[in-house]
Chemist: 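Dumping the structure here so I can ask a few things about it.
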Amino acid sequence: MHDYLQAINADASGEEIANIPVPEAYRAAYVRREDIGMFEGLASWEKDPRQSIHVGEVPVPELAPDEALVAVMASSINFNTVWTSIFEPLPTFGFLDRMGKESSWGHRHALDHHVIGSDGSGVVLRVGSAVRNWNPGDRVAIQCNYVDAQDPSGHNDSMKAVNQRIWGFETNFGGLADLAVVRANQLMPKPTHLTWEESAVNALCASTSYRMLVSNNAATMKQGDTVLIWGATGGLGGYAVQLVLNGGGVPIGVVSSPEKANLLNDLGCEAVIDRKAEDYQFWSDERTQSESEWRRFGKQIRSLVGEDPDIVFEHPGRQTMGASVFVAKRGGVIVTCAATSGYMIEYDNRHLWMRLKQIVSSHFANYAEATAMNRLINRGAIHPTMSKSYDLVDVGTAANEVHHNRHEGKLAVRCLSPEPGLGIDDHDKREQIGEHNITRFERHATSLEN
Ligand code: NDP
């Protein structure tokens, strides 16, 4: 890998990079099949990703004709990294085994180790014989929609393809490693003004937020729409706030500390609710929700923006869904992509049907949506939300921080990139877009540490 790193740092040509022999093994973060039962009997919060995620050498797989081998300079922690590492709600080996039965190329994925990670930035090293648009030496960001073109079901929207998967979660050979195997239709140009780490944190969360809010596959936000955003400085929320502001909407951000509230203000979000300070108790016990608390929450939203939200950006799930359905405007949309606090959801259906609201589901993004989002980032209209970067050997620690909600925005992981701050291709563009915009989350995290 040393030869690759040297070549990349020296801006070697694609031909030179293509001539460097591919090693037989590479360094990767992975979970092991033999560890599936290791946390049995523990509560979720007691399950420690530092115990289940290993970093070590694994064999390099053979490359299929429609794939690219990428030298991963940086990757990121997503919540799916947490799910995989605590084997919840299911161990991911079931996904790999199913994939193993699909084709001989799929068979490569059904291993006893699962290389995780669903984001990445890096340099293309090799392409398969069927790849048209990418070449060795290309500097890329990787999006995680893993799909082929062989199913009619995917041809209006590849997220609806019956064999759609999330790379590095439902497939092997993910991004938290020095090398990654991806389908060519996962590649996008790396934003030229960003470092490797800043380029690596966006694709999964930003594209998910884009589809949820902007694309006509979900909430289809209009100018002036008011949007209630849960976890507004989190992985998804940090991009959602920016998309609402960039699209002429009015965000109402919900967070859980004064520090996060400050960060939201700095991001340009004026309407902020600190759910901890307000002590919202939407559930009075495990089975009963409190309509008076929903009402208090709705009142606070009205006092901040003068109306009910046109769109509620939902992902906490069980803890918040009842309140989300209640506070949405008559005719409004609750768009959901997750259920962090529990997936068996309860809400009062009368508030949905009598007020003609809709619950709309959304999941990651198709290639067109991810590319549209990457374009916004490359133009400097939306900025990375990286608050900190870790070395690959500390990936378990980084995942543990996200597991316990001790982070803001996104945590990057440096893979081949030996130090923070490398990889900027266009310094003039960076200056024009503004360091203060690009590094807002990182500055904020650093000021809290000091
Ligand atoms: P983060 O942990 O980065 O952010 C989520 C934020 O939600 C937290 O920071 C917290 O913010 C808030 N939150 C957590 N629990 C609660 C709760 N009980 N009530 C209210 N707010 C809560 O995660 P991500 O944003 O990256 O992901 C969020 C969820 O979305 C995860 O479950 C993830 O798996 C899923 N996801 C789904 C995708 C898809 O394609 N379907 C794509 C990406 C993520 P605060 O404490 O400040 O309020």
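In each ligand, atom 1 is the first atom listed, and ligand 1 is the first ligand listed.
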Chemist: Does atom CG of Asp266 have more than 12 heavy-atom neighbours from other groups under 6.0 Å away?
Modeler: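 Yes, the 6.0 Å shell around CG holds more than 12 heavy atoms from other groups.
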Chemist: State, with a plain yes or no, whether a side-chain heavy atom of Ser76 is found less than 4.5 Å away from one of Val413.
Modeler: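 Heavy-atom side-chain distance check fails, nothing below 4.5 Å.
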Chemist: Is the terminal nitrogen or CZ of Lys299 (NZ for Lys, CZ for Arg) located under 6.0 angstrom from the six-membered ring centre of Trp294 and within 45° of that ring's axis?
Modeler: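 Negative - Lys299 is either too far from the ring of Trp294 or too far off its axis.
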Chemist: Checking the side chain of Ser209 only, and the main-chain atoms of Leu236 only, is there a donor and an acceptor separated by less than 3.5 Å?
Modeler: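 Judged by distance alone, yes, a pair lies under 3.5 Å.
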Chemist: Would you list the atom pairs, donor with acceptor, under 3.5 Å between side chains in residues 38-46 and any protein atom, with sequence neighbours excluded?
Modeler:
| from | atom 1 | to | atom 2 | distance (Å) |
| --- | --- | --- | --- | --- |
| Ser44 | OG | Glu88 | OE1 | 2.8 |
| Ser44 | OG | Glu88 | OE2 | 2.7 |
| Glu46 | OE1 | Ala43 | N | 2.7 |

Chemist: I want to check something: taking the side chain as every heavy atom from C-beta on, are Val333 and Val312 in contact at a cut-off of under 4.5 Å?
Modeler: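 Answer no - side chains too far apart.
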Chemist: If the criterion is any heavy atom closer than 4.0 Å to an atom of ligand 1, which residues make the list?
Modeler: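 Residue list for ligand 1: Phe79, Trp83, Leu204, Cys205, Thr208, Trp230, Gly231, Gly234, Gly235, Leu236, Val255, Ser256, Lys260, Arg275, His315, Pro316, Gln319, Thr320, Cys337, Ala338, Thr340, Ser341, His363, Phe364, Asn405, His407.
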